[in-house]
Amino acid sequence: MNYTILFQSAVCVAMIHSFALSEEVATFSTIPVELGESQESIIRKAAQVVPTSNQLDALKNEFIAFINMGPNTFTCKEWGDGKEDPKVFDLKTLDTDQWCRVMKTAGMKMVIMTVKHHDGFCLWQTRYTDHGMMSSNFENGKGDILRELVQSCQKYGLKLGIYVSPADLYQMENPQGLYGNGSKATKRTIPRNVPGRPFKSTEKFEFEVDDYNEYFLNQLYELLTEYGPVNELWFDGAHPKSKGGQKYNYTAWKELIHKLAPKAVVFGREDIRWCGNEAGGTRASEWNVIPYQFDPLTSQQFPDITDNDIASREKLYAAKFLHYQPTEVNTSIREGWFYRDDTNQKVRNADDVFDIYERAVGGNSVFLLNIPPNREGKFSPADVQCLEEVGQRIRETYGTDLLKGAQGDVALLDDDLDTFVQLPGLSGELILSMSHPVTINRLVLQEAIAKCGERVEEHAVDAWIDGAWKEIAQATNIGYKRILRFPDVTTDKIRVRVLQSRSVPPGIAKVSAHFYKNRPPQLQATVSRENRVTLESVRHQFGWKSHGQDAAKNLGGTMVIHYTVDGTDPTASSPVYKAPFTMDCGMLKALAIAGGQAGPVFKEIVGYPKGDWTLAKSSGQEPGHEADKAFDGNDQTYWTTPPGQSPHFLELDLGTERLLSGFAYTPQKENAKGMMERGVIKTSQDGKSWSVLENFEFGNLINDPTKREHFFKKKVKARYIRVEATGIAAGGKELSIAELSLF
């Protein structure tokens, strides 16, 4: 809709400022803010911003999948360099039916396939480069992973999205590459004809673009005409490096996308935004009405929005445009975006994924979970087990509405988001009564965002208990969907109170109640410097709390923890954890049993005790530099190389000779500085003469600052260890270590 013309009309502006509450309110997906406009008027406009039909469909997808596969799957890198021989993509088998079957079971509605990552390797039979499937051995160069995925999506009823990286290291590094080659923008016809490879589509476009933008447009044309329908185009802002001042002509890309994929939303641009982290983190208040200082409908670039407060009233007051732009909460089921192995690469358990699902989908967002296929072209068993369990929990919890048959306004109890109850003022309450008491611990609220936008700013829920109302949950905005979580409550009457809304009465479209059956929790271990081990449940971070109580603890129930220290899987017959204990170097495993159910197995390699570790005398570092923070058993403290030290290293005297098979490095998370991307391990018997043992590399630490392990090719005996950084993330000038372990 052309908001510029609409808002140039004085009549329209007058209507916005003075409509009666009973009148129909004009709505727009983007609204400009006039210079000097009052705060009251700005908030009223914010209440009129609604999603486009494509954005609403994207929100309704709720839980979607990401698939990352390519040369990195075989090189174990997170980011390739564009110089990989296509033969490194050594795929022998592929089972996209398994992918889609598992995704469907998990409750996902769409899959986004990375068809070209930053390395430029293409997973479809493109006409415009040889750097891809056609130059690999997979199916004798005839393989087309995207084609097979499309067929499987149709079979299992999943929507399709495509991630095609604008950055392309192959096109940068190849001498004949098009990226940043200095070409001038001239009129080009899209698609460019390739002899022997005609298109079925006869539609053509003309754009004034340079060589790389033409290349990108030609590939978009292929993807959108030969693999559709496509429901989402995914462009991220990652740029491993630049060349020749290359600029992207997003205006041309957008025109092509809108013509060839009219139902598609574009991630990373005006339609869908990034949540700001890759950990599955969510905001307590995730507004989708976003303030902009530029016109989001004509902009070429969209900076990442990472602040915790992005759209409060105070943020809106400074806006020049108000724009509807929902977020995707993206993270990976594994440590990293690409498959590495099934031994050392940890996989999230169902507790983690289900918790993120409830926080993201129940926090006015879309949950995008990455599932990287293994080298056999399938999801690995651990990933499948997690996804099937998550799907079961979603169905068990949200497949049954415990308000079914309740007394209350029909518009609140049906499944139609276009029918709603509009409160008579800016606050008010809704009451729903059941025919008999039910036990609940989840409540779902949805606003009629397509007609009324996002208006609720604060709300609370009460249950009728012992003849009186008792508040059981409270939160801020609602938007498309809010899931409230609280300890078990048995009641026959629920009251929803809207405490504050944005200038115009909110429209509540849906209220439903549910019960989540508690499972044994995920466990974690804390290991002291003397290898004193403490086992406890992981505290799942609920976005909202009831009466200041810890909801995770209330939902946990009673449990018994069993553990082993010899590498065997624990059972109900294994030793019972009662208090912290001391163990030698080895594999620790533990599980919790609650309600007759065994939880997921926690495992961690416990390294050698660090009580006798000291700085090597040859290091030249003084105790005042607090190097022991790198091996004090506390990953909340960290050590940083002294000022001016080069190279960046830490030399340790282990106190006695040890047989070493690997090490673990935990980066400090306080300020994301000094993260060791690459390095070399050296050993010594006397602390003077050093031998290089191995080089190592850890990728994507900035976005994924988790503990990393490196296993040596051969075990080695040594008393002295030197860890030397050869690469610091984000061009850092110092090395920081939160924790270093040797095993």
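We're numbering straight along the sequence, starting at 1.
You'll find the ring centres of Phe66 and Trp234 inside the 6.0 Å limit.
Side-chain contact check for Ser503 and Arg44: no donor-acceptor pair (N or O, by modelled atom type) lies under 3.5 Å. One side chain, Thr331 or Arg348, offers a donor N or O that lies under 3.5 Å from an acceptor on the other. Checked by atom type, the side-chain pair Tyr248/Gln301 shows no donor-acceptor distance below 3.5 Å. Using modelled atom types and a 3.5 Å distance limit, the side chains of Tyr250 and Arg269 yield no donor-acceptor pair. With 3.5 Å as the limit, one finds a donor-acceptor pair spanning the side chains of Gln325 and Tyr292. Arg482 and Asn364 share no donor-acceptor pair across their side chains, judged by distance under 3.5 Å alone. Between the side chains of Asn61 and Lys159, at least one donor N or O sits under 3.5 Å from an acceptor N or O.
Taking the side chain as every heavy atom from C-beta outward, Ile431 and Ile494 never approach each other to under 4.5 Å. Tyr357 is listed as a side-chain neighbour of Tyr398, based on a closest heavy-atom distance under 4.5 Å.
Checking each of Asn518, Asp488, Thr397 against Asn441 for a side-chain hydrogen bond (donor to acceptor under 3.5 Å, both in side chains) leaves exactly one that passes, namely Asp488.
Ring-plane geometry between Phe63 and Phe367 is classed as parallel, the angle between the planes falling under 30 degrees on a 0 to 90 degree scale with a further cut at 60. Between Tyr163 and His118, the angle of the ring planes goes over 60°, which puts this pair in the perpendicular group of the 30/60° scheme.
Between Leu413 and Val511, the shortest heavy-atom contact is CD2-O, 4.1 Å.
Within 6.0 Å of CD on Gln300 lie more than 12 heavy atoms contributed by other residues, nucleotides or ligands.
Partners of Phe216 according to the ring pair (Phe, Tyr, Trp, His ring centres under 6.0 Å) rule, which considers only residues two or more places apart in sequence or in another chain, are Phe235, Trp253. Residues passing the side-chain hydrogen bond (donor to acceptor under 3.5 Å, both in side chains) test with Ser427: none are found, sequence neighbours excluded.
Sorted by first and then second residue, the pairs that involve residues 496-510 and meet salt bridge (charged side-chain N to carboxylate O under 4.0 Å, His left out), not counting sequence neighbours, are Asp401-Lys510, Asp415-Lys510, Glu457-Arg502, Asp462-Arg497, Glu471-Arg497.
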Practice task
Could you go through the salt bridge (charged side-chain N to carboxylate O under 4.0 Å, His left out) check for Arg393 and Glu396 one step at a time?
Solution key: CA-CA 5 Å; Arg393 295 188 191 192; Glu396 287 180 354; over 6 Å; no

